[in-house]
Amino acid sequence: MAGLIRREDIDAVRERADLREIVEQYVTLRGAGVGSWKGLCPFHDERTPSFHIRPHIGTYHCFGCGESGDVFAFLMGMEHTGFTETVEQLAAKLGVELHYEDGGSGPSKQEISRRQRLLDAHKIADEYFQRQLSSPEAQIGREFLTGRGFGRQEATDFGVGYAPKGWDNLLGHLRTKGFRDEELTHTGLFSEGNRGIYDRFRGRLIWPIRDITGATVGFGGRRLYDDDKGPKYLNSPETQIYKKSQVLYGIEHAKRQIAKKKQLVVVEGYTDVMACHAAGIDTAVATCGTAFGEGHVKIARRLLSDDGGGGEVIFTFDGDEAGQSAALKAFDEDQQFLARTFIAIGPEGMDPCDVRQHRGDEAVRELIESRRPLFEFAIRAGMKRYDLSTVEGRVGALRYAAPVVAGIKDPGLRPAYTRELAGWLGMDMRDVQAAVQSAGGRGGPRRQSAPQGQDTAAAGGPVTPRFQRPDTRDPAVAMERQALEVILQHPTRLTAEQWEEIFAVRFTAPAHAAVHAGIISAAASATDPRNWVATVSDEVPQPLRSLVGELAVSQLPARTEDDVERYCQSILNRLVELKITHQKASLLGRLQRMDLRENPEEYQRLNRELMELEQRRRVLRGDD
C-alpha cells in the first residue's frame, strides 16, 4: 500500500533536480542578473516577462499573478499531477530511490523499469503508426479523415496513424528495437494465438491515447475495411500504464485551457474531440470506451481547481436512448463536483464531429453555448417515464423529481426550479414545494465539505491569519525586506556569527516577522540551499508563501558575484545595526526611568553597555 514519501527523500529529489532545465521545457528564459532568469509566465497570459527563477535555491515566482514555489509546485502546475505522483515521476527520472513512512511502499525498481519499458514500447509504436499514415496502403485512412473534415494538420496535432494489414508488422518493428516477446505480451499491443503473439491493430486508423503528462499509454483503432469482422472501434486492453477509468482522451491538448478557462467539455469519441478543438473548443476531452466515472471526476476536479470558485463541466451526448442513458450516468457523478454541470445535445441528435462536418465550426461553438443544466435534463428525462395526464403519473414524477431539485447545490436556483417543476407537472406550487423540502430533509442537497486549504472559519475550524503587505516606504521596513531577500537568496553567505544575529533581530512589519519566524524554524532542518526556500515556505502561514517566493527571486542591485557579496554583507550589517538601535533605545529607556542615587552600579553598567553597543555600531558602519 502506498504511504507518505519520507521527507529526506523528497529533499533529495529537489536537490538533484535542475529547476532551470525543467522550466526551460515550458518557458524561454533569459538572464536577469546574477543567478537569476526570467521569462513569460506559463500560468497566466502576459506580454512582459514577470516570471523569475533562481536555480541555485530552486525557487520560482511570478510578479504578475503571484504563483511561486519549488520544482514540484512548478511541475504540478504545468502537468496537473498530484504531489506524490510528481515526486515519484521526477525521482524515477533522476534515479533517486524513494522510501515511505509507516511501512508504506511505492513502485519498486522493477515496477518502475517495467513501466518505463511499456512507455518506451508505446512511444515507438506511436511513431511507427504515424509514419504509416503516409504510406500508399493508408490512402483509405486519409480519405476517412478528409471525409470528416480533417486535414494533415489535425492528423498531426493529434498523432493520428495507421496500422497496416498483416499479422506482425508492429511486432517485427519492436523486435528490431530490442524488445522481447515476453515483454511485448504485457503492452496490450498484441493478441496471443497458438503460434505466439501477433499485432492487435491491423488495417485500422489509429489514435494514440495519452495520459495527462503526454505519454502514450494506449491506442484506439477504427475499422476501415469491409472484411474486418472486428468491432467498429477497438481499444487497448487495460495494462500497468493504461486504466480506462483514469484516462481522458485529448487531455494532453486540453489541460492548460481547462485550467485557464475553468471549463471542461466531455464528448464521446476521438473525432468529436478533434472536431471541437478544430472549431475552437479547446477544452474538449473524451472517455475511452467507458462511462464518465469517479476516476475521471478526480482528473477534472484537479484541472478545474474545483474548490467552489466557479467552473463548468459540459457533457455532450447523442440525442438517442444510449446518449440519454450516458447523460444520466454522468448525472450520478454531479454531486462530486463543486463546478456547475451542463449538457449539450446536438441538433437532430448529431455529435460534434457531425455538426462540424455538415454545419461548420460556428455550429459547434453554438452547440456548446446552448448547454443547459444537467439536473434540468435529468428531471425532464426522468419525467418521461410517467404519464402526466394521470394523477398517479404526476405524483410518481414528483416523487422522482423532488430529490433532484432538493439536490441542486446553488440555493438561489433551488426555489426557481421548484417553480419550474410545478409548471412542468401542472401541480400546485405549495404541494411541490413541500415535496422538495421533504426530500431535502431526508438528505436532500449534500453538504459540501470545505476544500482542503480553504478558510474553515464558517464551519468552526481554524482561521487563516491575514497579513497586510508591508509598506516599504518606511525605511526600516524596506531594510527588513532587503535583509529577508538576502537571507532567502544567499543563506550560504551568512557566517555562524551572522546567523546568531539573525535569530535575535526583531522585525516590525507583521508579515516580515512571520517570515523571519519561518526562517528561524527552517534553519534547524534545511540541509541544502535548493531546499532552503521550500523549507521556509513550509514554516510560514499559507497566505505568506507567495511573499516568500517573491523575496526569494527579487533582483538584487548587483551585477557580479563580488557585487552580490558586498551587497549581502552591507544589508546584513545594516540589519544588525537596526538590532543595536533597538537595544540602545531599550537601554536609554531604562536609564531614563532609573534613579542614579538608588542604584549607581546598575546605572554605570547600563552606560557601559550603551557605549559597547555604540562602538559596535560604528565598527559595522566603518566609522572607526
Side-chain angles (χ1 to χ4, degrees), residues 32-38 50 52-63 66 68 467-523 526 529 532-537 539-540 543-585 616-623:
V34 180
S36 180
W37 304 82
K38 68 179 179 180
S50 58
H52 290 247
I53 74 165
R54 285 194 176 271
H56 71 283
I57 52 173
T59 298
Y60 69 87
H61 179 82
C62 176
F63 290 89
S68 63
F467 295 91
Q468 290 185 341
R469 188 172 183 83
D471 185 357
T472 53
R473 291 175 297 182
D474 181 333
V477 174
M479 195 278 300
E480 289 178 359
R481 177 187 172 93
Q482 292 167 341
L484 292 174
E485 290 172 348
V486 167
I487 298 168
L488 287 168
Q489 294 182 30
H490 298 283
T492 57
R493 294 182 185 271
L494 275 67
T495 64
E497 292 77 13
Q498 286 172 326
W499 274 112
E500 290 182 10
E501 297 285 5
I502 294 300
F503 291 157
V505 168
R506 179 171 62 87
F507 285 76
T508 57
H512 288 168
V515 174
H516 177 235
I519 287 171
I520 293 173
S521 298
W532 169 236
V533 175
T535 307
V536 174
S537 293
E539 298 291 343
V540 303
L544 289 178
R545 292 181 180 177
S546 180
L547 176 60
V548 170
E550 179 182 327
L551 295 168
V553 301
S554 293
Q555 190 168 351
L556 304 182
R559 295 185 177 181
T560 66
E561 286 290 340
D562 289 341
D563 290 342
V564 171
E565 179 64 25
R566 284 191 291 269
Y567 176 79
C568 289
Q569 295 307 317
S570 171
I571 293 299
L572 292 172
N573 286 342
R574 286 175 58 196
L575 185 64
V576 175
E577 184 182 345
L578 181 63
K579 186 190 82 168
I580 291 172
T581 300
H582 290 154
Q583 290 174 324
K584 286 180 61 179
R616 191 172 171 209
R617 188 188 69 83
R618 289 174 176 273
V619 170
L620 287 172
R621 300 191 67 174
D623 293 344

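Quick note: numbers below take in every heavy atom, side chains included, and nothing from hydrogens, waters or symmetry partners. Computed from a predicted structure; not experimentally measured.
- Side-chain atoms of Ser36 and Gln555 form no donor-acceptor pair, as typed in the model, at a separation below 3.5 Å.
- Applying the side-chain contact (heavy atoms from CB on, under 4.5 Å) criterion to Ser570, with sequence neighbours excluded, gives Arg574.
- In this structure, Trp37 has no ring pair (Phe, Tyr, Trp, His ring centres under 6.0 Å) partners at least two apart in sequence or on a different chain.
- For the side-chain contact (heavy atoms from CB on, under 4.5 Å) test, residues two or more places apart in sequence or in another chain that qualify with Glu561 are Val34, Arg493.
- Listed here is the closest heavy atom pair of Ile571 and Gln482: CD1-OE1, 3.5 Å.
- Residues satisfying the side chain to side chain donor-acceptor pair (under 3.5 Å) criterion with Ser50, sequence neighbours excluded, are Glu46.
- Checked against salt bridge (charged side-chain N to carboxylate O under 4.0 Å, His left out), Asp471 has the following partners two or more places apart in sequence or in another chain: Arg473.
- Under the salt bridge (charged side-chain N to carboxylate O under 4.0 Å, His left out) criterion, Asp474 pairs with no residue, sequence neighbours left out.
- The CD1 atom of Ile57 lies 7.5 Å from the NE2 atom of His490; values are rounded to the nearest 0.5 Å.
- Among residues two or more places apart in sequence or in another chain, the salt bridge (charged side-chain N to carboxylate O under 4.0 Å, His left out) test is passed with Arg559 by none.
- Legend: residues meeting salt bridge (charged side-chain N to carboxylate O under 4.0 Å, His left out) with Arg481, ordered by chain and number and at least two apart, are Glu485, Glu550.
- Put simply, the side chain of His516 gets close to the backbone of Ile502: a donor and an acceptor are under 3.5 Å apart.
- By the side-chain contact (heavy atoms from CB on, under 4.5 Å) test, Ala511 pairs with Phe467, Pro470, Leu544, Leu547, sequence neighbours left out.
- For the side-chain contact (heavy atoms from CB on, under 4.5 Å) test, residues two or more places apart in sequence or in another chain that qualify with Val505 are Phe507, Leu575, Lys579.
- Judged purely by atom type and a 3.5 angstrom limit, Trp532 has no side-chain atom pairing as donor or acceptor with the backbone of Gly58.
- To the nearest 0.5 Å, atom CG of residue Leu572 and atom CG of residue Leu494 are 4.5 Å apart.
- When the side chain to side chain donor-acceptor pair (under 3.5 Å) test is applied to Thr560, the partners found at least two apart in sequence or on another chain are Asp563.
- Listed here is the closest heavy atom pair of Phe63 and Ser554: CZ-OG, 3.7 Å.
- Across every non-hydrogen atom of Gly518 and Val540, the tightest pair is CA-CG1, 4.0 Å.
- Put simply, CG on Leu484 and CG on Leu551 are 6.0 Å apart, with the number rounded to the nearest 0.5 Å.
- Residues in residues 53-63 take part in these side chain to side chain donor-acceptor pair (under 3.5 Å) pairs, two or more places apart or across chains: Arg54-Gln489.
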